[in-house]
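Data first, discussion second: the structure below is written as structure tokens.
The sequence lines fix the lettering, A, B, ..., with proteins before strands; numbering per chain opens at 1.
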2 protein chains.
Amino acid sequence: MSVTIKDVAKLAGVSISTVSRVINDSKPVSPEARRKVLHAIDELGYEPNQVARSLVTKKSNLIGVIVDDIGNYYVSQIVRGIEEIGRMYNYDIILGSSYGSEETEMKYLQLLRTKQVEGIILVSEIMNKNLVEYLEDLKIEFVYLNRYYNTLKLPTISLDNGKATGMMMDYLIELGHKNILYLTQEEDIELTIEKVKIDAYKNAMKSIGNTPIIHKINSHRIKGGYDAGAYVKELIDTHNISTVFCSQDELAIGLMNYFYDNDIKVPEDISVAGYGDISVAAIYRPTLTTIREPYYDIGAVAIRKILKKLIGESIDDENITLPIRLIKRESVKRI
Amino acid sequence: MSVTIKDVAKLAGVSISTVSRVINDSKPVSPEARRKVLHAIDELGYEPNQVARSLVTKKSNLIGVIVDDIGNYYVSQIVRGIEEIGRMYNYDIILGSSYGSEETEMKYLQLLRTKQVEGIILVSEIMNKNLVEYLEDLKIEFVYLNRYYNTLKLPTISLDNGKATGMMMDYLIELGHKNILYLTQEEDIELTIEKVKIDAYKNAMKSIGNTPIIHKINSHRIKGGYDAGAYVKELIDTHNISTVFCSQDELAIGLMNYFYDNDIKVPEDISVAGYGDISVAAIYRPTLTTIREPYYDIGAVAIRKILKKLIGESIDDENITLPIRLIKRESVKRI
DNA sequence: ATGAAAGCGCTAACAG
DNA sequence: CTGTTAGCGCTTTCAT
């Protein structure tokens, strides 16, 4: 049996209310009584039972986080942001991974409700309509993060992906590139964040009087980039491409792997640019020129948004504009 | 106000005990009553409050997981293993990262106690003596996982690192390598898992009548491997080294980066082997020959161990021997 | 098979 | 400033 508030009260010779008061600093307590209570707590090694406390206060100090796959680098960075800021305000996170299953996402969502979490952050990669509906009329605070899909109806943290794409294009053009191939995943274009990026790419190409050359594949993984290699190589030859700009770093890495395996030198023979700045981007050789998406900050802002509703104005809003940065590395060379 | 068991009871026209019985299947209930209760639950969208339930049953169905850094690939794999198995038995995880701070580890530990977690898994990278003591006389089930240090007093999941090192050495020797440099991090050798690996390396070298050549550095990160590059290059030249065997993949990748940046070709000029099979090992070019440590399984076994104590024999023991595998890739070539 | 009632450990009026 | 008391939502005897 673990030690309860009663044991402390008894040992200290006061009532349980007094004990409660000192551990919560909720009401004035005489120095004498406080001393005795503190002593008793120390003596007994007492730790307040948060479950009991939650039951009465309705505050679990728990934020539920459902992610696609904690093994993904960008996901882990978001979680890290959530966690670090959460800890500052004494909130802990309870974590679940869905691995892309709609069913699992829903299951976790229900579960988190029963655990009385005060807020939910969802890091998803799929477009789960059921879930969107479910969330909409949920009384719990939540933020919906999705790297690929736009969900206009749900509170989220968004970045100016169009501007970022434009930055990269400006850079490439400045280095003398003209025939730039854009490699992207094909998805339901209307719902997709990719739409604005594609538009930005097209605009940039038009601005230099060039025709956009887009190749869509059905993957945003490394393997997808690799498998697209052969066809991309054809496009390079037939269209005199000097740079392949990939909509995700994973595609870029896959493509560079293909090039390496087929003796095509990056950036000597062809430049490659990515988007995301996943961890390998700086480790791989040649290092990958890319756009850095501030995953850590996205997580941090997401939980701030929730905490703000929960504990109010004491959260520093800062109205952070999330910094998207162009990271110049070795995979793109001047022509 | 959310809907409680009382509301269900009222609507169904039965007592709360009856409702409790049907949701827990704890005692026989007449079909008629059951039907009414189920209907009411459905009508109201009732979800039992787990906090209240935990308070009385003393079962939170929560496992606390404290990790060093969820952003580390191997850590995320362990967590994934913990989570997937936990979910099978209806246990959720509450996660905290310590980022190498002893203080944070301790803080989380206390916190998890107050949250009434039923078990704790610690994935640490440091040797936190205080914590080891604290854990020792804690009544909560726990497993201590540490990739670098041995803690004989604590329950853990251990691998045969010596055997794995031997496997790699046999492979290298079989390919004709004789002068093999072992690159490792220097630590308090007695407490370290590295000790057995170094011994295995030495034995293998002696078995072919060669003198061990070990270079110790004070890091197990990519940067450490990179920074060691210049000196390693000297050793290669002076000792006619044909392979550098690194005690961690991170060191191997750092070293290969150095080689790439200095126009030394792997594996043509020098072979490199790693240990761990972190995610980049298969992505990097050349792909890294290494030892695969079964991180996912380590997590899975860790939580199984705890659940076994918690729910008893119903957990399939399997007495899994964790598979350590030699992964042959491109970074090592036959001489 | 079912309901009444006690109690899990704690907080928050309420009365002094 | 302090103690008494009434719950929070649920499970679990104990009667019936």
Side-chain angles (χ1 to χ4, degrees), chain A residues 1-38 40-41 44-62 90 110-118 139, chain B residues 1-38 40-41 44-62 90 110-118 139:
Chain A
M1 205 57 221
S2 98
V3 21
T4 80
I5 198 172
K6 272 187 187 168
D7 304 318
V8 176
K10 191 174 296 170
L11 181 59
V14 297
S15 76
I16 61 167
S17 328
T18 303
V19 177
S20 173
R21 278 161 196 144
V22 353
I23 62 186
N24 293 304
D25 253 334
S26 47
K27 293 229 171 169
V29 169
S30 73
E32 173 61 3
R34 155 166 279 113
R35 204 190 49 70
K36 286 190 295 186
V37 169
L38 259 17
I41 287 178
L44 267 24
Y46 168 73
E47 296 274 1
N49 181 327
Q50 292 295 346
V51 173
R53 187 179 271 176
S54 292
L55 184 58
V56 24
T57 60
K58 263 88 173 72
K59 293 193 64 14
S60 62
N61 279 69
L62 244 27
N90 204 25
Q110 319 241 60
L111 183 86
L112 292 177
R113 275 185 59 200
T114 74
K115 296 267 189 202
Q116 309 300 107
V117 300
E118 297 181 46
K139 57 229 131 271
Chain B
M1 208 53 225
S2 96
V3 22
T4 78
I5 198 172
K6 273 189 188 169
D7 305 316
V8 175
K10 191 173 294 169
L11 180 60
V14 298
S15 75
I16 62 168
S17 324
T18 303
V19 176
S20 174
R21 280 163 195 141
V22 353
I23 62 186
N24 293 304
D25 253 336
S26 47
K27 291 227 173 173
V29 170
S30 72
E32 171 62 3
R34 155 166 280 112
R35 205 191 47 70
K36 286 190 294 185
V37 169
L38 257 18
I41 287 178
L44 267 25
Y46 167 73
E47 295 273 3
N49 181 327
Q50 292 295 345
V51 173
R53 188 177 269 179
S54 292
L55 183 59
V56 24
T57 61
K58 262 91 175 71
K59 294 194 58 27
S60 62
N61 277 69
L62 244 28
N90 204 26
Q110 318 241 60
L111 184 86
L112 292 178
R113 275 186 59 200
T114 74
K115 296 269 189 202
Q116 308 299 111
V117 300
E118 296 180 46
K139 56 227 130 272

Give the B/S/- string for nucleotides 11-16 of chain D, one per nucleotide from 5' to 3', where a protein heavy atom under 4.0 Å of the base yields B, of only the sugar-phosphate yields S, and otherwise -. BBB---
From the options D/dT2, C/dG9, C/dG3, select the nucleotide whose nearest atom is closest to the side chain of B/Leu55. C/dG9
Gap between atoms CZ and P, on A/Arg113 and D/dG9 respectively (whole Å): 14 Å
If you find the nucleotide of DNA chain C closest to A/Asn49 and the one closest to B/Pro28, which residue's nucleotide is nearer the 5' end? B/Pro28
Quick one: A/Asp25 CG to C/dC10 C1', roughly how many Å, whole number? 17 Å
Atom of B/Asp25, atom of B/Arg34 and distance for their closest heavy-atom approach: OD1-NH2, 3.1 Å
Under 6.0 Å from the NZ atom of A/Lys59, do we count more than 12 heavy atoms belonging to anything else shown? yes
Between A/Asn49 and A/Val51, the two heavy atoms sitting closest are OD1-N, 2.7 Å
Using modelled atom types and a 3.5 Å cut-off, is there a donor and acceptor pairing between side-chain atoms of B/Ser20 and backbone atoms of B/Ile16? no
Would you indicate what A/Val14 reaches in the nucleic acid, counting non-hydrogen atoms under 4.0 angstrom: base, sugar-phosphate, or nothing? sugar-phosphate
Minimum-distance pair of heavy atoms, taken over all atoms of B/Val8 and B/Val3: CG2-CG2, 4.4 Å
Rounded to whole Å, please give me the gap between CD in B/Gln50 and P in D/dC8. 19 Å
Separation of D/dC10 C1' from A/Gln116 CD (nearest whole Å): 12 Å
Check this one for me: any side-chain N or O of B/Ser54 less than 4.0 Å away from OP1 or OP2 of D/dC10? no
Output yes when at least one side-chain N/O atom of A/Lys6 is less than 4.0 Å from OP1 or OP2 of C/dC10, else no. no
Is B/Thr4 near enough to D/dG9 that one of its side-chain N or O atoms lies under 4.0 angstrom from OP1 or OP2? no
Would you say A/Lys58 reaches D/dG9's phosphate, i.e. side-chain N/O to OP1/OP2 under 4.0 Å? yes
Backbone N/O of A/Ser60 and side chain of A/Glu118: donor-acceptor pair under 3.5 Å: yes
